[in-house]
Amino acid sequence: MGMFERDQHVFADAGPLDDSYEPEDIRERDDELAKYQRALQPIIDNRPTSNIFLYGKTGTGKTVATKYMLSHLESDAAQYDDVDLSIVWTSCENLSSSYQVAVALVNELRDAQDADRISTTGYSQQRVFDLLYDELDALGGTAIIVLDEIDNIGDSDDLLYGLPRARSNGYVDNVQPVIIGISNDFQFRDSLSPKVKDTLAEKEILFPPYNANQLRSILSPRADKAFHDGVLSEDVVPLCAAFAAQDTGSARQAIRLLREAGELAQAEDASTIAEDHVRDAQDELEKNQLYEGMQELTPQGHAVLCALAYHQALGEIPVRSRDLYQRYTSICDRLDADRVSERRVRDHLSDLNMLGLITVYERNEGLSAGRYHEYELDVPLQAVLDVLLATSRFEDVADHIRSTAADQNRLQSDFSSY
DNA sequence: TCTCCACTGGAACTGGAGGTAT
DNA sequence: ATACCTCCAGTTCCAGTGGAGA
């Protein structure tokens with residue numbers, strides 16, 4: 001018996017539960033799709049087309065709706081000789097500026113013999129924009145430029161200013177660029193500079209979070225395909241839907257939950273997927289997200305987290321920033337590492353807060369003690385130590401903290417009790 | 001109502017690591 | 001060799017904050 005036997009007694013085909021799966025029909029988004037279609041119609045009619053922006057939290061169907069609409073648009077456009085359409089798709093997930101997005105677009109358009117790709121630094125911004133305009137102009141016709149997760153570029157919005165005006169400014173002659181921006185952040189629009197806002201002349205489509213009923217209707221057909229008959233007990237899909245609806249209203253979350261529940265059931269050789277698998281899956285996914293967040297911190301981020309873990313181990317919590325800073329500096333000294341300013345440590349603390357790793361309390365004792373913050377861990381100390389122990393530099397300190405905590409009986413490894 | 005404590009967080013700047021171009 | 005590009009973590013400076021006590 002091998003360690004890795006093939007075991008498919010739960011999953012028939014996990015594909016429909018994959019992030020990249022494209023369903024052949026989109027559920028619960030009829031109004032949005034209708035609006036989307038109206039917005040794209042001018043392309044077929046050879047009329048000027050507005051830029052389109054989709055707003056909605058993650059997992060509300062923006063990307064999948066766009067893939068769906070564009071594949072229809074593409075095949076329909078092919079039937080008209082006078083419609084010349086090209087589509088370029090860029091995910092801005094790891095791109096934090098207009099510059100980087102422009103580089104990515106150029107590389108995307110130069111369909112990537114490695115030799116042609118341009119590097120991500122070194123050129124001036126205008127240079128990269130010029131290269132981009134050249135590539136677009138070479139395409140001709142209508143060029144749809146999809147910028148997924150465009151909110152990542154923050155307020156570096158030069159590209160959104162430049163692209164829509166490229167034609168009227170004479171940078172391109174043959175091409176009509178149409179931007180489809182997809183944003184997870186409703187506020188992104190407000191953060192754009194005023195000059196960008198009125199050049200974009202955009203059509204907006206809002207994707208609200210799904211409720212439990214909608215999520216159920218999205219999950220059901222996927223579940224039917226993904227699992228063998230009779231494997232799924234009937235409350236599982238509603239439960240996944242309910243959890244996800246309560247939390248974020250994200251279809252992605254609901255689908256992941258369902259998939260993870262299936263994997264847990266399969267791993268323990270269960271013949272059916274039951275409610276408990278969903279609950280366990282929920283815990284598991286939350287845990288993974290926190291671990292990932294902690295692992296991706298910079299060394300200084302780890303050091304700050306480490307200092308807070310020490311306070312937690314000693315029971316000195318919540319701790320105000322100046323005391324935490326003391327501990328932080330002594331840890332840095334012990335590690336023979338650079339220490340950063342107090343101001344910078346506060347930035348790290350607010351990063352940790354964003355990741356949901358710590359809790360911040362605002363205190364104000366007025367005239368006697370002024371205004372300050374206090375911090376404590378929002379995840380089990382054991383989880384933090386696990387990550388630090390696996391981070392070579394912090395191994396020893398983390399071990400010391402662990403034994404301190406053990407002495408004081410403050411270690412509690414049970415995640416779900418939090 | 002006013003004052004004032006002691007931090008908070010915005011903003012402008014820096015220096016070094018990536019890179020291109022001449 | 002030199003000049004110049006972007007990005008990033010970091011620094012320095014300081015106006016702003018809001019409740020307790022006068």
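Labels below follow one simple rule: chain letters A, B, ... track the order of the sequence lines, proteins then strands, and each chain is numbered from 1. Treat the numbers as computed from the prediction; the structure is a model and nothing was measured.
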**Test ring-ring contact (aromatic ring centres under 6.0 Å, His included) applied to A/Y310 - qualifying residues, sequence neighbours left out** = A/H400
Would you indicate which nucleotide in [options] comes nearest to any side-chain atom of [X]?
X      : options               : answer
A/S97  : B/dT3, B/dA6, C/dC7   : C/dC7
A/Y99  : C/dC7, C/dA9, B/dG9   : C/dC7
A/S124 : C/dC13, C/dG18, C/dC5 : C/dC5
A/R344 : B/dT8, C/dA9, C/dG19  : C/dA9
A/S119 : B/dT20, B/dG18, B/dC7 : B/dT20
A/R343 : B/dC7, C/dA9, C/dC13  : C/dC13
A/R346 : C/dG10, B/dT8, C/dT12 : B/dT8
A/L367 : B/dC7, B/dC4, B/dA21  : B/dC4
A/Q100 : C/dC7, B/dC4, B/dA6   : C/dC7
A/S321 : B/dC7, B/dG9, C/dT6   : B/dC7

Does [X] pair with [Y] as a salt bridge, N-O distance under 4.0 Å?
X      : Y      : result
A/K225 : A/D13  : no
A/R346 : A/E342 : no
A/D31  : A/K35  : no

Starting from [atom2] on [N], measure out to [atom1] on [X] and report it in whole angstrom.
X      : N      : atom1 : atom2 : value
A/E374 : B/dA6  : CD    : C1'   : 13 Å
A/D347 : C/dT12 : CG    : P     : 14 Å
A/D323 : B/dA6  : CG    : P     : 14 Å
A/Q300 : C/dG10 : CD    : C1'   : 9 Å
A/N364 : C/dG21 : CG    : P     : 11 Å
A/D130 : B/dT20 : CG    : P     : 18 Å
A/R363 : B/dC5  : CZ    : C1'   : 17 Å
A/Y123 : B/dG18 : OH    : P     : 18 Å

**Request:** Taking the six-membered ring of A/Y161 (Phe, Tyr or Trp), confirm whether the NZ or CZ of A/K195 is under 6.0 Å from its centre and within 45° of its axis.
**Result:** yes
**Prompt:** Quick one: is the NZ or CZ of A/R320 closer than 6.0 Å to the six-membered ring centre of A/Y372, and within 45° of its axis?
**Reply:** yes
In a table with atom names and distances, give each donor-acceptor pair under 3.5 Å that connects a side chain of residues 121-128 of chain A to protein atoms at least two apart or in another chain.
residue, atom, partner, partner atom, Å
A/S124, OG, A/R127, N, 3.3
A/Q125, NE2, A/D158, OD2, 2.7
A/Q126, NE2, A/D130, OD1, 3.2

Base, sugar-phosphate, or nothing for [X], non-hydrogen atoms under 4.0 angstrom?
X      : result
A/E362 : nothing
A/T120 : nothing
A/R320 : sugar-phosphate

**Request:** Consider only side-chain N and O atoms of A/E268 and A/H277, and report whether a donor and an acceptor are under 3.5 Å apart.
**Result:** yes
**Short side-chain N/O contact from A/R371 to OP1 or OP2 of B/dT8, under 4.0 Å** = no
**Request:** Respond yes when some side-chain nitrogen or oxygen of A/H348 is under 4.0 Å from OP1 or OP2 of C/dG10, and no when none is.
**Result:** yes
**Asked** Which residues in residues 328-342 of chain A have at least one heavy atom lying under 4.0 Å from any atom of DNA chain C?
**Response** A/R339, A/V340, A/S341
